[in-house]
J.: 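Below are the structure tokens for one structure; questions will follow.
Note that the structure is a prediction, hence the values are computed from the model and not measured. Order of the sequence lines sets the chain letters (A, B, ...), proteins ahead of strands, with each chain counted from 1.
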Amino acid sequence: MPELPEVEVVRRGLVDHVAGRVVASAEVLHPRSTRRHSAGPTDFSDRLAGRRLAVPARRGKYLWVPLEDGAEALLVHLGMSGQLLVQPPGAPDEKHLRVRLRFADDGPEVRFVDQRTFGGLALVPTGADGLPEPVAHIARDPLDPAFDELDTVRRLRARRTGLKRALLDQTLVSGIGNIYADEALWRARLHYARPTEKLTRGQALTVLGEARQVMAEALGQGGTSFDALYVNVNGQSGYFDRSLHAYGQAGRPCDRCGTPIRRAAFMNRSSFWCPVCQPAPRRPAA
DNA sequence: CGGAGCTCCTGGGGGC
DNA sequence: TGCCCCCAGGAGCTCC
């Protein structure tokens with residue numbers, strides 16, 4: 001599940017393979033993968049052909065490649081299972097290859113591979129701030145130098161909902177998904193259903209700081225694992241697995257107190273927490 | 001309008 | 001061995 005660290009690994013890996021190159025053709029093999037491109041897959045391909053790409057950027061889990069001429073960007077969201085691969089022309093098609101970009105220099109292709117098709121590509125206008133329009137409502141992420149910690153604390157405490165639900169809301173703070181939410185909550189010793197309006201400023205600051213810290217650590221480890229021709233987006237396990245204290249650890253002893261980690265259904269997914277270190281609130285929020 | 005629930009999708013894995 | 005069902009979850013959408 002690609003969250004901020006995995007998307008940033010992809011962005012960094014992509015820089016040398018896209019910046020300055022001219023797209024020869026964009027082949028859409030599955031229409032669902034361009035469903036966010038409202039004018040349709042043909043329009044997507046037509047308008048991308050011949051355009052020169054610039055340096056990829058990111059906010060939260062959104063990644064985009066600005067086009068060098070005009071205020072547009074190739075927007076990418078990896079969803080659950082999306083990958084961007086750099087492959088030599090002629091390499092066999094991947095089973096779940098959805099979009100292929102060929103380049104005018106006849107060099108390596110960039111391929112969008114996505115088993116579950118929750119992710120996708122679109123060619124979209126960018127605003128005066130350089131943000132693609134569909135990203136305008138996404139909050140800054142904790143690794144953004146301009147991330148406003150105190151303002152996020154204020155807005156978090158103004159919510160009337162459960163803490164984890166708020167952490168997963170990309171309009172409040174972006175980049176955090178199910179895995180890093182559970183890890184940040186474990187580190188902060190806070191239960192996922194803590195009502196946001198009852199958090200102290202210190203608790204809010206702590207959980208946001210832990211989210212930033214755990215994602216920075218994961219990024220540090222992820223950055224070592226891809227090679228030049230393979231931009232790895234295999235978010236669902238891999239290198240950071242060994243460092244997880246809560247996510248996916250149901251039944252295993254808590255690394256702090258030894259109490260078995262518990263799992264509960266939450267928001268159509270799972271939450272993992274230590275029932276001793278992260279006691280449930282008397283009045284849980286949703 | 002904020003908050004909560006629904007829905008899209010495919011393959012791996014467990015149970016029988 | 002095969003079939004059925006559950007599970008993984010990001011985020012736009014709809015409804016209250």
J.: Where do N or O atoms of nucleotides 12-16 of chain C meet protein N or O atoms at under 3.5 Å, pair by pair?
T.:
from, atom 1, to, atom 2, distance (Å)
C/dG12, OP1, A/Tyr62, OH, 2.3
C/dG12, OP2, A/His137, NE2, 3.1

J.: Using the 3.5 Å cut-off, write out each protein N or O paired with an N or O of nucleotides 12-14 of chain B and the distance between them.
T.:
none

J.: Of the residues in residues 268-275 of chain A, which ones touch DNA chain C at a heavy-atom distance under 4.0 Å?
T.: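 Contacts with DNA chain C under 4.0 Å: A/Asn268, A/Arg269, A/Ser270.
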J.: For B/dG11, does either OP1 or OP2 sit under 4.0 Å from a side-chain N or O belonging to A/His96?
T.: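 Affirmative; the distance criterion is met.
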J.: What residue among A/Thr196, A/Asp151, A/Thr161, A/Leu205 forms side chain to side chain contact (heavy atoms under 4.5 Å, CB included) with A/Leu156?
T.: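 Single side chain to side chain contact (heavy atoms under 4.5 Å, CB included) partner of A/Leu156 among A/Thr196, A/Asp151, A/Thr161, A/Leu205: A/Thr196.
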J.: Just to confirm, is there a sub-4.0 Å distance from OP1 or OP2 of B/dT10 to any side-chain nitrogen or oxygen of A/Arg98?
T.: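 Indeed not, no polar side-chain atom of A/Arg98 lies that close.
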J.: Please classify the nucleic acid contact of A/Arg35 as base, sugar-phosphate, or nothing, using heavy-atom distances under 4.0 Å.
T.: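 If one applies the 4.0 Å heavy-atom cut-off, A/Arg35 turns out to touch nothing in the nucleic acid.
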J.: Could you tell me the separation between the CG atom of A/Leu121 and the OG1 atom of A/Thr34, rounded to the nearest 0.5 Å?
T.: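 Going from CG on A/Leu121 over to OG1 on A/Thr34, the span is 8.0 Å.
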J.: Going by salt bridge (charged side-chain N to carboxylate O under 4.0 Å, His left out), name the pairs with one or both residues in residues 82-93 of chain A, residues two or more places apart or in two chains.
T.: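 Salt bridge (charged side-chain N to carboxylate O under 4.0 Å, His left out) check on residues 82-93 of chain A returns A/Asp93-A/Arg100.
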J.: Residues of residues 154-162 of chain A with any non-hydrogen atom less than 4.0 angstrom from an atom of DNA chain B: list those, numerically ordered, please.
T.: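 Within this stretch, A/Arg159, A/Arg160, A/Thr161 sit under 4.0 Å of the strand.
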J.: In degrees, rounded to 10°, what is the bend between the two ends of the helix from B/dG2-C/dC16 to B/dC16-C/dG2, using five pairs at each?
T.: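 Answer for the end axes of this duplex: 50°.
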J.: OP1, OP2 of B/dA4 versus side-chain N and O of A/Arg165: anything below 4.0 Å?
T.: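 For B/dA4, OP1 or OP2 has a side-chain N or O of A/Arg165 closer than 4.0 Å.
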J.: If I take atom CD from residue A/Glu183 and atom NE2 from residue A/His245, how far apart are they, to the nearest 0.5 angstrom?
T.: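 It is 6.5 Å, given to the nearest 0.5 Å.
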J.: Has A/Arg35 got more than 12 heavy atoms of other residues, nucleotides or ligands less than 6.0 Å from its CZ?
T.: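 Atom CZ in A/Arg35 is crowded, with more than 12 foreign heavy atoms closer than 6.0 Å.
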